[in-house]
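What follows is one structure encoded as structure tokens, with my remarks underneath.
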Amino acid sequence: MFFASSATASSSRTTVGSRRIRGISRLAASVVASGLLMAGTLAGAGGAAADEAPQHQGGASAVLDGLKTYDVAVLHADGTKQKLPAGLFEMTVDGGGKLKTYCIDIHNPTQDQAKYLETPWDQTSLGSNKNAGRIRWILDHSYPQIDDLAALAEAAGTGPLTESTAAAGTQVAIWRFSDNADVDALDGQADKLADWLEKSATDTAEPKASLALNPSAVSGRSGERVGPVTVSTNAGQVSVAPPADSASGVRVTDKNGKAVTTAVNGSELYFDVPAASADGSAALTVQATTSVPVGRAFAGATRSQTQILAGSSESTVSASATATWAEKGAMPALTAKKNCAKGGVDVTASNMGDEAFTFELAGAQHTVEAGGSETVTVPVAEDQAYDVTVTGPNGYAKTFKGVLDCRTSGSATTGGLQVQTADQPSTTTATAGGSSTGVQGGLAETGSSNATPIIAGVAIALVVIGGGAVFLLRRRKDQTSGE
């Protein structure tokens, strides 16, 4: 279930900015209604494709609309008591859909209109949190998944609950596990709910991604089928469209070479590359409409407090993979993901060619023999943006960008960040469950950021990419056997 009776109440508080973002999302959805985006480039030796957007390993991407349903909590830290808003955020999904989330990093700020990406637990603070599974249990057994507030109040023994107090009590219980915070709900019934949830919670497994492709990069020889790329999804079906540039001869097929137009969980997809094709690469994106599983983490593409999913409408989800091929020589495939355990970014290079692939990363040279792979961890400071570039022969370059946000800040390591209090307005960002919206119940109104033009640009770019299921192939220049 999703939103239930809270949807009507929260919609009346929607800001002009969030309506504008929803309009962009609806436009994107109308353009990419076919359900599949396929985009490709043949990367020349003098300039291989560089990823300029934050790395997304599949699923939903969304824009933060703000805190919508909440009440007041009291944080006890360093001998002080601070009042702060606690409750449910809403996000607008790129391509269509709405999400409701709770905060899992009480001391970090939210950035107004921040971009968020569905992210595996091990690439967030949940990866090292022994209580992550208990947070998942709370989400499954409280508001808004349990939208019968009378039944929830009876089970928890709280007395009457409203949407706002139910959301606040749920958030407080989550903070006790996500941040080990000494925090209470100001409302008595909400605090009883938080106590019941904390006491009742049991370990529950991480939900699987709404949509992912694995691996996200493959390589092989022209004249063969390059892959496989395996589909993982909770959707009944994902859409796969044939290449728009039929003259290129590159097709997406199954393992037997049969062209595919749809796929399901477990399907294996291949890039069928004609023997006459010049050395090059292409990107494939599959898309579906589904409810994102409750408990999925959402990390900010910029520094913004990590969120965890409490409810989803039917939403647009997508995942991408790239293929690189050559007639002979090195055939690299590169991927990157955050490694919270080591405090960095793992860059993996595999080589399905018949010659070694030598590349430079973080000031060091590495060589991957034919048929081998190597993973290099690039150290990144916590809460810092990273821009990691792999370079190879003849101008080969591939760039990975993102933000490493692997730990909750904690009161001792906030780095100057202050929790947003109930009587202390902010003009730049909202913190500890704050948002860009006006706050109920006498809480101070929080401010905004300059992210809106960037988000709008991203959304428009998605519309352009998605139009008509485009698959562009550009002849690779300056080819060499060293790639």
Atom [atom1] of [X] and atom [atom2] of [Y]: how far apart are they, to the nearest 0.5 Å?
X    : Y    : atom1 : atom2 : answer
K98  : S315 : NZ    : OG    : 9.5 Å
M352 : S373 : CE    : OG    : 10.0 Å
L269 : T230 : CG    : OG1   : 8.0 Å
T389 : K398 : OG1   : NZ    : 11.0 Å
I146 : L139 : CD1   : CG    : 11.5 Å
D191 : D184 : CG    : CG    : 4.5 Å

Discussion item. Between T306 and D105, does the side-chain hydrogen bond (donor to acceptor under 3.5 Å, both in side chains) criterion hold? Intermediate values first, please.
Written reply: CA-CA 6 Å; T306 308; D105 191 355; 5.2 Å; no

If you define the side chain from C-beta out and look only at heavy atoms, does anything of [X] sit under 4.5 Å from [Y]?
X    : Y    : value
T233 : V286 : no
K338 : D346 : no
S350 : F357 : no
Q171 : V183 : no
H141 : T202 : no
S61  : H56  : yes
D195 : R176 : yes
P332 : Y396 : yes

Do the side chain of [X] and the main chain of [Y] share a donor and acceptor less than 3.5 angstrom apart?
X    : Y    : value
E360 : T391 : no
R296 : P207 : yes
E118 : S210 : yes
N234 : S291 : yes
T165 : L161 : no
S312 : V292 : yes
T335 : S216 : no
E374 : H366 : no
S142 : I138 : no
D179 : I106 : yes

Closest approach of [X] to [Y] (non-hydrogen atoms, all atoms of both residues):
X    : Y    : value
K342 : T377 : CD-OG1, 3.8 Å
D71  : A168 : CB-CB, 3.6 Å
E198 : F177 : O-CZ, 3.6 Å
V231 : V238 : CG1-CG2, 4.3 Å
R303 : Q111 : O-CG, 3.1 Å
L213 : L284 : CD1-O, 4.3 Å

Worksheet item: Any Lys/Arg nitrogen of K68 or E90 sitting under 4.0 Å from an Asp/Glu carboxylate oxygen of the other?
Response: no

Discussion item. Show, in sequence, the C-alpha distance, side-chain angles and deciding distance for T124 and C406, and conclude whether the side chain to side chain contact (heavy atoms under 4.5 Å, CB included) test is met.
Written reply: CA-CA 5 Å; T124 71; C406 291; over 6 Å; no

Worksheet item: Does a sphere of radius 6.0 Å around CG in N180 hold more than 12 heavy atoms from other residues, nucleotides or ligands, not counting ones at 6.0 Å or beyond?
Response: no

Practice prompt. Would you please test L99 and F298 for side chain to side chain contact (heavy atoms under 4.5 Å, CB included) and show each step?
Written response: CA-CA 10 Å; L99 306 177; F298 278 77; 3.5 Å; yes

Practice prompt. Show your working on side chain to side chain contact (heavy atoms under 4.5 Å, CB included) between F400 and V378 and close with a plain yes or no.
Written response: CA-CA 11 Å; F400 302 97; V378 180; over 6 Å; no

Worksheet item: Are a donor atom and an acceptor atom from the side chains of T367 and T358 found within less than 3.5 Å of each other?
Response: yes

Item to complete: Would you sort out whether T408 and N129 count as a side chain to side chain contact (heavy atoms under 4.5 Å, CB included), showing the intermediate values?
Response: CA-CA 10 Å; T408 57; N129 187 338; over 6 Å; no

